[in-house]
Amino acid sequence: MLDGSLIVSRLAEQSREGADRDALLRTAVEQIESASDRFDWVGIYLLDGDFLTLHNFVGEATEHTQIAVGHGVCGTAVAENRDINVPDVRALDNYIACSIGTRSEIVVLIRGEDTGRIYGQLDLDSDATDAFTDDDERELRRVADWLGGLFSRE
Ligand code: SME
């Protein structure tokens, strides 16, 4: 089960022990991925100007390490400043396929604490249709908000 608070407490502990941002972003991805068999690919993209760049991931390697804002599910989430839960990616026109087996995807934005500035996003793919629940989204938001605080404080 995905428990955002548990992941946040682990991240906070690791941060207190001196872990840098890259290590914390890696831990976040690993912890999320190991929380459920429904999560077949988990990654973090960071926003740099008009492009999202893949920071780290667990799952099949993808050639889509850079995605322009406005493109695909990932770029659309940034362009429209909203989280996106896609129950069936086959229904989308602007979907960018990372893996042929993917059926559903969720993107949760990492935003600054006060400014709301977008720093990046959590991106999860599943080979199952309609894999991501409202609970998943809520728990992912906890993790994304903590990571957003990390960026805000730097
Ligand atoms: N499917 C995403 C691209 C990233 S992969 O899922 C890793 C999209 O449409 O933006």
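Ligands are counted one by one from 1 in listed order, and the atoms in each one are counted from 1 as well.
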If we only consider heavy atoms of F57, is any one of them less than 4.0 Å away from an atom in ligand 1?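 Judged by the 4.0 Å heavy-atom criterion, F57 does not count as contacting ligand 1.
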Strictly under 4.0 Å, does any heavy atom of E105 approach an atom of ligand 1? yes
Between N56 and L25 (side chain of the first, backbone of the second, donor and acceptor by atom type, cut-off under 3.5 Å), is there such a pair?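 Flag set: sc N56 to bb L25 pair under 3.5 Å.
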Which of the atoms of ligand 1 are close to [X], meaning less than 4.0 Å from one of its heavy atoms?
X	answer
I67	3 (C), 4 (C)
Y45	4 (C), 7 (C)
D123	4 (C), 5 (S), 6 (O), 7 (C)
C98	3 (C), 4 (C), 5 (S), 6 (O), 7 (C)

Protein contact to [atom] [nearest heavy atom, distance to 0.1 Å]:
atom	answer
atom 6 (O) of ligand 1	D125 OD2, 2.8 Å
atom 3 (C) of ligand 1	I96 O, 3.5 Å
atom 8 (C) of ligand 1	V73 N, 3.2 Å

Quick check: is I84 connected to I96 through a chain of hydrophobic side chains (ILVMFWY, heavy atoms under 4.5 Å apart)?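 No; tracing contacts between hydrophobic side chains, which count when under 4.5 Å, never links both residues.
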Closest non-hydrogen atom pair between F39 and E33, with its separation: O-OE2, 3.7 Å
Got a salt bridge between E13 and R10, using NZ or NE/NH1/NH2 to carboxylate O under 4.0 Å?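 Looking at R10 together with E13, the answer is no, because their closest N to O distance does not fall below 4.0 Å.
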What I want to find out is whether R141 reaches D145 closely enough, with some N-O distance under 4.0 Å, to be called a salt bridge.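 Answer for the salt bridge query: yes.
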Under 6.0 Å from the CG atom of D88, do we count more than 12 heavy atoms belonging to anything else shown?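 More than 12 heavy atoms, drawn from other residues, nucleotides or ligands, come within 6.0 Å of this atom.
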How does L54 reach ligand 1, by side chain, by backbone, by both or by neither, if only non-hydrogen atoms under 4.0 Å count?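 Contact part for L54 vs ligand 1: neither.
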Are L140 and D83 side-chain neighbours, meaning at least one heavy-atom pair lies under 4.5 Å?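 Contact flag for L140/D83 side chains = no.
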